[in-house]
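The structure appears right after this line, and notes come after that.
Each chain gets a letter, A, B and so on, in the order its sequence line appears, and its residues count up from 1.
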There are 2 protein chains.
Amino acid sequence: MKNSDYTVLLVDDEPDILEFVGYNLRKENYQVHTASNGEEALQKAREYRPHLILLDVMMPGMDGIETCDQIRKSPDLENVLIAFLTARGEDYSQVAGFDAGADDYITKPIKPKVLLSRMKALLRRQGPSSNNSLQELGDLTIDLDKYQIHYQNKHLDLPRKEFELLALLTSRPGKVFHRDEILDKIWGNDVVVGGRTIDVHVRKLREKIGSTHIKTVKGVGYKFEA
Amino acid sequence: MKNSDYTVLLVDDEPDILEFVGYNLRKENYQVHTASNGEEALQKAREYRPHLILLDVMMPGMDGIETCDQIRKSPDLENVLIAFLTARGEDYSQVAGFDAGADDYITKPIKPKVLLSRMKALLRRQGPSSNNSLQELGDLTIDLDKYQIHYQNKHLDLPRKEFELLALLTSRPGKVFHRDEILDKIWGNDVVVGGRTIDVHVRKLREKIGSTHIKTVKGVGYKFEA
DNA sequence: GCTGGTCTTAACAAAAGGTTAATAAAAGTC
DNA sequence: GACTTTTATTAACCTTTTGTTAAGACCAGC
């Protein structure tokens with residue numbers, strides 16, 4: 001895996017740092033995005049899915065620790081690497097940082113060689129792993145491989161039929177699936193089940209992911225809405 | 001995973017350091033072994049298979065960098081975590097250390113809180129994915145070459161089928177493998193075995209590595225979870 | 001050909017999931 | 001507003017799938 005395959009999100013409120021570090025990273029062919037505060041960091045992390053986030057601790061508004069916390073709480077981001085940047089010798093925040101789930105801690109003033117070495121070590125350890133069987137729908141993430149969904153920061157295993165039904169509906173958000181269509185796709189043409197079977201599964205799903213997502217279209221069928 | 005599940009090898013030529021750091025680690029319930037030079041470190045690393053080696057850089061004879069190098073060259077040890085201990089501000093050796101394959105770099109004087117936090121971060125990250133013939137999954141290490149696993153500080157030889165099954169499941173942690181898929185990959189398309197064969201192997205595995213790791217997804221198959 | 005571990009099978013037990021049926025509620029029709 | 005049709009909700013029931021066990025078949029190494 002080459003450096004150019006890695007995306008780094010650089011977060012600092014000082015433009016000088018963004019420029020200096022960004023320059024050094026780009027020189028090594030890393031894909032670099034920047035943010036200058038915690039909120040922006042979260043938003044860009046979701047947008048660009050970086051492999052590594054370099055996160056300044058001291059920032060106005062949401063500081064680095066809190067940002068890190070938010071990231072770790074977000075199921076779709078919880079596996080990203082996070083390295084803090086901070087002034088030397090702040091032992092307390094160093095500990096707090098690791099407790100918040102940081103993977104490394106790099107002291108300012110930043111020396112490019114040291115930074116790059118540490119990054120290499122971190123990224124090497126991470127190894128190549130990516131999950132593109134994920135389907136993201138707002139607060140709901142569906143992992144087709146794992147038969148698992150993330151909802152409100154929780155992982156939830158679903159029974160087979162429920163999962164298949166949800167996966168079907170979410171495969172084309174907004175589209176109404178006729179009851180017959182659902183029966184065909186999930187039960188098969190030949191299998192005959194009673195009229196209320198689908199409803200029961202829908203109900204169980206609604207119990208788990210809230211009743212707003214799956215909408216009834218009377219006389220027709222069901223649809224998923226984000 | 002508790003601290004007491006982790007084995008740490010502490011290497012320094014100064015007895016004071018060994019005692020001071022050793023005391024602090026043991027207080028946190030880590031399993032600690034010590035060595036006072038590079039040769040001893042290598043030998044004890046092979047003997048105890050630590051999760052983490054804390055390695056002083058400046059030592060008489062074989063220094064830390066070279067020791068690290070030797071460790072990384074040794075196939076059975078190449079995946080162990082290594083953190084260097086050294087006096088502050090030696091940037092050159094810091095870079096050299098990472099180049100030699102270190103995972104972290106901790107400056108003396110050592111502050112127990114900082115050390116413990118860094119260790120925690122390192123050990124936590126060890127969990128997901130690494131790509132050699134050794135696969136590390138938290139408290140479980142799978143050695144594809146040796147048909148052997150390492151679980152809770154013990155080496156365990158597994159029968160072929162059990163091992164292959166485990167290796168398959170852990171090749172993509174979290175992914176559900178359908179029973180058909182398992183049969184295909186381990187028994188081959190053409191071989192026909194009875195319906196309970198997989199279950200029996202799963203049961204034996206669970207007997208050996210605990211029942212939490214391998215999860216049943218009813219109607220679908222099995223998955224491995226750290 | 002023994003021998004000891006490994007693998008498969010078969011029978012039964014247990015669990016989990018799926019379906020049904022009865023009833024209530026809601027939406028559509030006239 | 002009364003009637004009809006469709007969907008929601010329950011909980012009990014039943015089916016399917018998996019867990020467990022022990023016995024015997026298999027196979028490699030000696």
With [X] via side chain to side chain donor-acceptor pair (under 3.5 Å) - residues at least two apart:
X: A/R203; result: A/E207
X: A/R172; result: none
X: B/E19; result: none
X: B/E66; result: none

| Main-chain N/O of B/V57 paired with B/D63 side-chain donor or acceptor, under 3.5 Å |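 Pair absent, no side-chain N/O of B/D63 close to backbone of B/V57.
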| task | Output yes when a side-chain donor or acceptor of B/R118 lies under 3.5 Å from a complementary backbone atom of A/D104, and no otherwise. | result |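 Judged by distance alone, no pair lies under 3.5 Å.
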| said: I'd like to check the ring pair (Phe, Tyr, Trp, His ring centres under 6.0 Å) partners of B/H155; sequence neighbours left out, ordered by chain and number. | reply: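 For B/H155, the residues satisfying ring pair (Phe, Tyr, Trp, His ring centres under 6.0 Å) (neighbours in sequence not counted) are B/H150.
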| request: Could you list the residues that satisfy ring pair (Phe, Tyr, Trp, His ring centres under 6.0 Å) with A/F163, not counting sequence neighbours? | output: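 With sequence neighbours excluded, A/F163 shows a ring pair (Phe, Tyr, Trp, His ring centres under 6.0 Å) to A/Y147, given in chain and number order.
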Report yes if at least one side-chain N or O of [X] is closer than 4.0 Å to OP1 or OP2 of [N]; otherwise report no.
X: B/H201; N: C/dT6; answer: no
X: B/Y222; N: D/dG19; answer: yes
X: A/T216; N: D/dT6; answer: no
X: B/T197; N: C/dT9; answer: yes

| Where is the tightest heavy-atom contact between A/A102 and A/C68, given as atom of each residue plus distance? | N-SG, 4.1 Å
| Considering all heavy atoms, the nearest B/P50-B/V80 contact |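 Closest approach of B/P50 to B/V80, heavy atoms only: O-CG2, 3.2 Å.
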Spacing of [X] atom [atom1] relative to [N] atom [atom2], expressed in whole Å:
X: B/K215; N: D/dG19; atom1: NZ; atom2: P; value: 13 Å
X: A/I214; N: D/dA8; atom1: CD1; atom2: C1'; value: 13 Å
X: B/L205; N: D/dG19; atom1: CG; atom2: C1'; value: 14 Å

Using residues 212-224 of chain B as the side-chain source, report each donor-acceptor pair under 3.5 Å to any protein atom, sequence neighbours left out, with the distance given to one decimal.
{"residue": "B/H213", "atom": "ND1", "partner": "B/E225", "partner atom": "O", "Å": "2.9"}
{"residue": "B/H213", "atom": "NE2", "partner": "B/D139", "partner atom": "OD1", "Å": "3.3"}
{"residue": "B/K215", "atom": "NZ", "partner": "A/D157", "partner atom": "OD2", "Å": "2.4"}
{"residue": "B/T216", "atom": "OG1", "partner": "B/R206", "partner atom": "NH2", "Å": "3.3"}
{"residue": "B/K223", "atom": "NZ", "partner": "A/K146", "partner atom": "O", "Å": "3.0"}
{"residue": "B/K223", "atom": "NZ", "partner": "A/D157", "partner atom": "OD1", "Å": "2.9"}
{"residue": "B/K223", "atom": "NZ", "partner": "B/E225", "partner atom": "OE2", "Å": "3.4"}

| field | Where at least one partner belongs to residues 191-200 of chain A, residue pairs that pass salt bridge (charged side-chain N to carboxylate O under 4.0 Å, His left out), sequence neighbours excluded | value | A/R179-A/D199, A/R196-A/D199
Short N/O separations, protein against nucleotides 15-17 of chain C, under 3.5 angstrom:
{"residue": "C/dA15", "atom": "N3", "partner": "B/K218", "partner atom": "NZ", "Å": "3.1"}
{"residue": "C/dA16", "atom": "O4'", "partner": "B/K218", "partner atom": "NZ", "Å": "3.3"}
{"residue": "C/dA16", "atom": "N3", "partner": "B/K218", "partner atom": "NZ", "Å": "3.3"}

| said: Please give me every residue in residues 164-187 of chain A whose heavy atoms get under 4.0 Å of an atom in DNA chain D, ordered by residue number. | reply: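 Heavy-atom contacts with DNA chain D come from A/R179.
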Please list each protein N or O that sits under 3.5 Å from an N or O in nucleotides 9-15 of chain D, with the distance.
{"residue": "D/dT10", "atom": "OP2", "partner": "A/R203", "partner atom": "NE", "Å": "3.3"}
{"residue": "D/dT10", "atom": "OP2", "partner": "A/R203", "partner atom": "NH2", "Å": "2.4"}

| said: Cation-pi check for A/Y151 against A/K154: NZ or CZ below 6.0 Å from the six-membered ring centre and within 45 degrees of the axis, yes or no? | reply: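 Here A/K154 fails the 6.0 Å and 45° test against A/Y151.
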| query | In degrees rounded to 10°, what angle is found between the helical axes fit to the five outermost pairs at each end of the helix from C/dG1-D/dC30 to C/dC30-D/dG1? | reply |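 So the angle between the two local helix axes works out to 50°.
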